[in-house]
Amino acid sequence: MPNLTTECRIAAIGKHVGEVVTVHGWVYNTRSSGKLHFVILRDGTGLLQCIISKNDVSDEVFLAASELTQESSVRVSGVVREDKRAPGGYEMHVHDLHVVQLAEDYPIKLKEHGVEFLMDNRHLWLRTPRQASIMRIRHTVVKACRDFLDDRGFLLVDAPILTPAACEGTTTLFETDYFGEKAYLSQSGQLYNEANAMAFGKVYCFGPTFRAEKSKTRRHLVEFWMVEPEIAFCNLEECMQLQEEMITYIVCSVLERNARDLETLERDTEALRRVVPPFPRISYDEAVELLRSKGMDFTWGEDFGAPDETVISQAFDKPVFVHHYPAQCKAFYMQPDPDRPELVLSADLLASEGYGEIIGGGQRIHDRVVLEQRMNEHALPEDPYRWYVDLRRYGSVPHSGFGLGIERTVAWICGTQHVREVIPYPRLLNRIYP
RNA sequence: UCCUCGUUAGCUCAAUGGUAGAGCACUCGGCUGUUAACCGAGGGGUUGCAGGUUCGAGCCCUGCACGAGGAGCCA
């Protein structure tokens, strides 16, 4: 079918008032008053109300419009008009309509659905306005992470996903067959980051991460994305400063670029506007004291559980750093505190409003003897880590880094109930479909 | 792995141990400004699976499967 009009995406429709344009999209919903059809069109950038009047179109087009089903793909042409009655403020008075494919009975209705049904239909669920807003915010968060680090001279050096051994030795790994040998899906790029930081000074990796833990909570995914910066010649305090600047940059980017999406999600943006440096910093000792003052039973030396983290984060109105953890609850590579060897120079960043830990990081051991001693205590095999120890032989320097969980950050910024909603195809315990 | 709750129409949910229902969706009809449109009619069920108790089980009991929320672990 010949088409000589301007093609236009719905997000830009306001620039074409009075003009004849063509829009490609999918039918979000239809209504009819007999000789007047209202077709709400969706094109991935927004929604547009199209008016199809029996007086304005051929009998064929009017018949085709009356037979449209939800999610049918179409091409429509018509005049753009400003109209307060239309959602979004603009509508199209259609001259012509071409049905690309008439959709079969569509499973996802505009009414409520249960979680299991929506997850089974994730490939279709992504088409709904709420999910579109979440994916746009995720895009902004990822772009903001990259822009922030790129602007500060970081080099993207990605770590391998197939690895010969555990990075941290704590969580369960996915095992795979590597031409007859065992290999594992990466749970962190951090050890490789340390090598890369000694090569390039300031680096980051950005990729998927896999944890075979049988976690079943709103904060856990089996496959999730993490951005991990690593900086040579950097101590814990400098590392925390970088983190709060980065989180602030991310939140500001979303507030600037996704105002309408935050509105769709009914997110309280006041809480997000409070996210500016400096973030409160409390030591592990102070956090334990805080928990006890709230009447919670807590043994020094244990790691905080989810309810503990919630209580700590609720004591502040922005994200809070907890630093100087006991060595026993952190990974083997954490630098001991010179003043109190039972502590390590680590810091976690807890998101506000009970979303839990979004960053884990700290200063790494730069002394070979100390590192080998810790590896012994953790009963780690020598061979797979030989290259890692090597880094302490050739120009070792104090260095720090952290891992930022993309999904937890997006869930916090969006205010969603569960991290499964903020990744396109969540991998969960008991779910690898679709 | 543990604790709690759940599984009835395509979807969301009702139904004292006594004939399995509603709204939405779908099909047909009506309507020229609708806003998850509305009005009328119609089709649609092995009540998760397997046993048991009972004159009779969607409902009570046992086991299993699947799902949800939480714990542990962590981003």
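Here is the naming used below: chain letters follow the sequence lines, and residue numbers restart at 1 for every chain.
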Could you check which of B/rA75, B/rG69, B/rA25 has an atom nearest any side-chain atom of A/His418?
-> B/rG69
Less than 3.5 Å between a donor and an acceptor, one on the side chain of A/Arg431 and one on the base of B/rC66, is that the case here?
-> no
Check each residue of residues 234-254 of chain A for a non-hydrogen atom within less than 4.0 Å of any atom in RNA chain B, then write out the ones that pass by number, or none.
-> none
Any residue meeting side-chain contact (heavy atoms from CB on, under 4.5 Å) with A/Ala144, in chain and number order, not counting sequence neighbours = A/Tyr249, A/Ile250, A/Ser253
Check salt bridge (Lys or Arg N to Asp or Glu O under 4.0 Å) between A/Arg31 and all other residues, then give those that pass, not counting sequence neighbours.
-> none
Test salt bridge (Lys or Arg N to Asp or Glu O under 4.0 Å) applied to A/Glu289 - qualifying residues, sequence neighbours left out = none
Taking Watson-Crick and G-U wobble pairs with both distances under 3.5 Å, convert RNA chain B into its dot-bracket string, 5' to 3', dots for unpaired and | for cross-strand pairs.
-> (((((((..((((....[..)))).(((((.......))))).....(((((..]....))))))))))))....
Tabulated below should be each protein N or O lying under 3.5 Å from an N or O of nucleotides 39-47 of chain B; please produce it.
none

Please tabulate the protein-to-nucleotide N/O contacts below 3.5 Å involving nucleotides 1-3 of chain B, giving atom names and distances.
residue	atom	partner	partner atom	Å
B/rU1	O4	A/Lys214	O	3.3

So which protein N/O to nucleotides 11-15 of chain B N/O distances come out below 3.5 Å?
residue	atom	partner	partner atom	Å
B/rC11	O2'	A/Glu112	O	3.3
B/rC11	O2'	A/His113	ND1	2.5
B/rU12	OP1	A/Gly114	N	2.8

Just wondering, do A/Phe224 and B/rA75 stack (centres under 5.5 Å, planes under 30°)?
-> yes
For A/Val61, side-chain contact (heavy atoms from CB on, under 4.5 Å) partners two or more places apart | A/Val57, A/Ser58, A/Asp96, A/Leu97
Protein N or O to nucleotides 7-9 of chain B N or O, pairs below 3.5 Å:
none

By a strict heavy-atom criterion of less than 4.0 Å, which residues belonging to residues 286-301 of chain A are in contact with RNA chain B?
-> none
According to the ring pair (Phe, Tyr, Trp, His ring centres under 6.0 Å) rule, which pairs have a member within residues 288-318 of chain A, sequence neighbours left out?
-> A/Tyr284-A/Trp300, A/Tyr284-A/Phe304, A/Phe298-A/Phe304, A/Phe304-A/Tyr325
